[in-house]
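Each remark here refers to the structure printed beneath this line.
Every chain is numbered from 1 and lettered A, B, ... according to where its sequence line falls, protein lines coming before strand lines.
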Amino acid sequence: MSENLKILIAGEGGQGVQTIAEIIAKAAFVGKLESLHIPNFGVEQRGGVSLAFLQISKSPIPYPKFLKADILAVLASRAVGRVEKYVGRQTKIINAIHLDTLLLERKIQTTSLNIAVLGNLAKFLSQFLSIEALEEQLHVKLADKPNYNENLNAFHLGQLLTEKDAPSHLGYYKRYLKPLVSQNNHIFFARFPYLCKGCGLCIERCPKNALSFSKVDLGVYGTPMPQVDLDKCIGCKICQITCPDCAIKVVKKQKIKKN
Amino acid sequence: MSEVLPSFPKCYKEKSWPSLFCPGCGHPIVLKMLGQVIDELAIAHKSLLALDIGCSLLAWDLFDVDTIQTHHGRTVPLAAGFKLAKPNGIIIAYMGDGGAYAIGLQSLLTSAHRDDKITVIVVNNTLYAMTGGQYAPTTLCDERTTTTPEGRNCQTAGIPFPGPETLSAMTTKNAYLARGSVLQPLVLKSYLKKALQHQIENRGFSFVEALSFCPLNWKTDAAGSIKFLEKMQNYFKVGEIKCPKISKS
Amino acid sequence: MFGTKFEFMMGGEIAAYAAKAAGAKIMFGYPITPTTEILETWAKFAGEKSQLKFVQTEDETSAGFGVIGAILAGVKAFTTSAGPGHVLLQDPISMAEAMRLPFVVIIGQRGGPSTGQVIYSQQEVNLACFGGNGEGLRQVYAPSNLQELYDLTILAFQNAWRYRFPTIVLADGYLLKAKGKVNLKKSRVNYPTISVLGDEKKIVNLANTFNMEEDLNAVLEKNIHEYKEKSKEIVSFETHNLRNAKELIIAFGSVASACQQALEMLKKAGKNYALFRPITLRPLASKTLNNLLPRFKKIIFIESSAGQLEKLVKGAIDVKIETENIRKPAMAIMAQEIYERLK
């Protein structure tokens, strides 16, 4: 590895890409190394591509950006197109796009995906930083935030990831393209995972408490989607009207006329 | 059964969804209601959606309707210029509370005062959202923003800006002014529809303020966002502020 | 241009007649000396029964964005301003530069900085050529007499719509307030207008905000390349007495007229000077200048500013040559003064 380690972390805004870059940069600073982190993002707060350019070195770092990365971690499929040009022959790729399902299997919320990537990155930083140094900064940054224990679990899980979990190429497969339909004799209820951002407004607005977060279904950002209890649902459509992203469709089936 | 599709308004550009708005943002609720109104009035082909800078600009590719992004606060004069050049076009100026009531207030007042036949939609979430939650004229009393870290002091910094009420004082009786909320999307939709009908029939200036969620900067979950909006509604009264009677002659 | 129709008029009126002759339909503006007469003249054109429209806006920024709105709808529109108003106009002009819109503005330079004086200067060169947060992809025409004010204003409209870069007629207070003879020729060419938005048969989503450095850079590279290519067609200049002189005066606008007069006086006194007058300040005739300069041993810049023209020209030439200047920031420069200095 070079004297100046160039790391590019790429994901969607809101995934915590900058958070893990900050943790690494801070750990390097505390460890008396030179480090420089610069975020590179668009105008939107969420949903856009978010890149973190990060460098660690034993000598001063003159410029915040670089042409090719030594390590590239990708957290979201939408970021792939943005980072391909930073891949050189020496680039070690960590493709974490589909880690969310693995996390859910381990009962870890997908919001900790970035921390799992941090754990995995740690393996490649050993020339500069110890696991302990990173864990210390993880503590400084996140100990007073909710889900710290989950984040710690994600950090440890990340260190154990193999090539199979986080492949070293930029390929990805599309998923969640199909609607999820539930129905009974009265109600037809469709959910669209590729539109749902998991905001939970539908759950709060439901007058019959018929909606709750699913433990298995994930939306477009890998966050839990709502699911419906059809026995409680009255087909009032308030969830459909409220949903900012048109991710719910409710149809009240016509009642079978008596006589 | 045939393929199950989301219930997008017809005028939505489907390939652009999901939008880049944050999870739980109120903008796409306003836009969905606007989209349904555009469908119902069948005006997609002759409408121009002019977008201010701020989160509003994220709507630029969400509709199969002409759109343009302007500069911060400059959407109303651009919309007025377009309308003057194309009087049969339907012009919707869409902006946030910062663009409307701070940097663009002079132009908003002038356009309303001049009774320009355009429709202005202001999404009010009490702060500058795209830049990360700074104070806006609409910031509630004691509300903390990144530039009012101790909360807005209404004793020394004035009251949250009452948009449509202000316009009410200086518009003619031809103006349509209303304030809706994303908590009651269908009521909001009825205001948007009246405002656009107002423009279609060339009756006068039309204006709808929509009280809206900003969970990212409010740092709220869904329940918290709803609670915050209810607090907003205690101050910013929802309803029609000026609604001219239509004489059927 | 054809036909003759001589009138005795004030510069501000002439500019308004020129805009009308060029096919302008809407003017947005805010009163400011020395451009107010353009507004007043246009307001008379835009009566109740007229096809022409006039809006007196709340400020210059709003006037500029009104112009942009009308242009997007495919209508020739323009505005006019001076000094502090010109500063505000850089906001919409930047947008027009970014979106390649045929924005036309007539500027009457006045003394600055700040409110300065309302009479005259040549201090708005930097602003006209490079104001705004961009690369100065504009066409800037500098008339030097009343007839040129008329002719170049018409040309500005044609070339704005032909090349789609914001176009500035950089006049000054003397030109706009002076009354004199002008030939209000009819314009033969009328470059067709096209709408960007509002065509019912096609949907256009126009972004003015880019998410990544690469996206904006690609658009900029394309626009800069086109500007360079079109510059060959746009560039315009005038020369006098090149053959016999060893020293070259460079001046523009009203001052160039004084220089021309001084040239005659100097000639009679047996002194030969040449004059190079850029008619377009942006793009500047840099290629011509570079070819021309080796024949001279000195350039003399003469301007009513502390060197805005000199800086512009020096930035465009790659010939090493001795220079001298006559500078009177925000003050008139008379032929007699030039004669006294150079005789």
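- Within the 4.5 angstrom heavy-atom criterion, only side-chain atoms of C/V55, from C-beta onward, approach chain B.
- Atoms CD1 and CG, from C/I26 and B/L84 in turn, are 4.0 Å apart once rounded to the nearest 0.5 Å.
- Across C/G64, C/A70, C/A63, the residue that shares the most heavy-atom pairs under 4.5 angstrom with chain B is C/A70.
- Top candidate by heavy-atom pairs under 4.5 Å with chain B, chosen from C/A98, C/P92, C/A207, is C/A207.
- In this structure, the portion of B/L57 lying under 4.5 Å from any heavy atom of chain C is its side chain and not its backbone.
- The contact between B/I68 and chain C is made by backbone and side chain atoms together, counting heavy-atom distances below 4.5 Å.
- Ranked by heavy-atom pairs shorter than 4.5 Å toward chain C, the options B/G104, B/G73, B/G81 are led by B/G81.
- Neither the backbone nor the side chain of B/L109 comes within contact range of chain C, judged by heavy atoms closer than 4.5 Å.
- Every residue was checked against the salt bridge (Lys or Arg N to Asp or Glu O under 4.0 Å) condition with B/K242, not counting sequence neighbours, and none meets it.
- C/I203 approaches B/F63 most closely through the heavy-atom pair CG2-O, 4.5 Å.
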Check every N and O of chain B against chain C and note each donor-acceptor pair under 3.5 Å, with its distance.
| from | atom 1 | to | atom 2 | distance (Å) |
| --- | --- | --- | --- | --- |
| B/K13 | NZ | C/N205 | OD1 | 3.3 |
| B/W60 | O | C/N205 | ND2 | 3.3 |
| B/V65 | O | C/N205 | ND2 | 2.9 |
| B/D66 | OD1 | C/V204 | N | 2.7 |
| B/D66 | OD2 | C/G198 | N | 2.6 |
| B/T67 | N | C/V204 | O | 2.9 |
| B/T67 | O | C/L206 | N | 3.0 |
| B/T67 | OG1 | C/N205 | ND2 | 2.8 |
| B/Q69 | N | C/L206 | O | 3.3 |
| B/Q69 | OE1 | C/N208 | N | 2.5 |
| B/Q69 | OE1 | C/T209 | N | 2.9 |
| B/Q69 | OE1 | C/T209 | OG1 | 3.0 |
| B/H71 | ND1 | C/D91 | OD1 | 2.5 |
| B/R74 | NE | C/D91 | OD2 | 3.2 |
| B/L84 | O | C/K53 | NZ | 2.8 |
| B/K86 | NZ | C/G198 | O | 3.4 |
| B/Q106 | NE2 | C/D59 | OD2 | 2.5 |
| B/S107 | OG | C/E58 | OE2 | 2.7 |

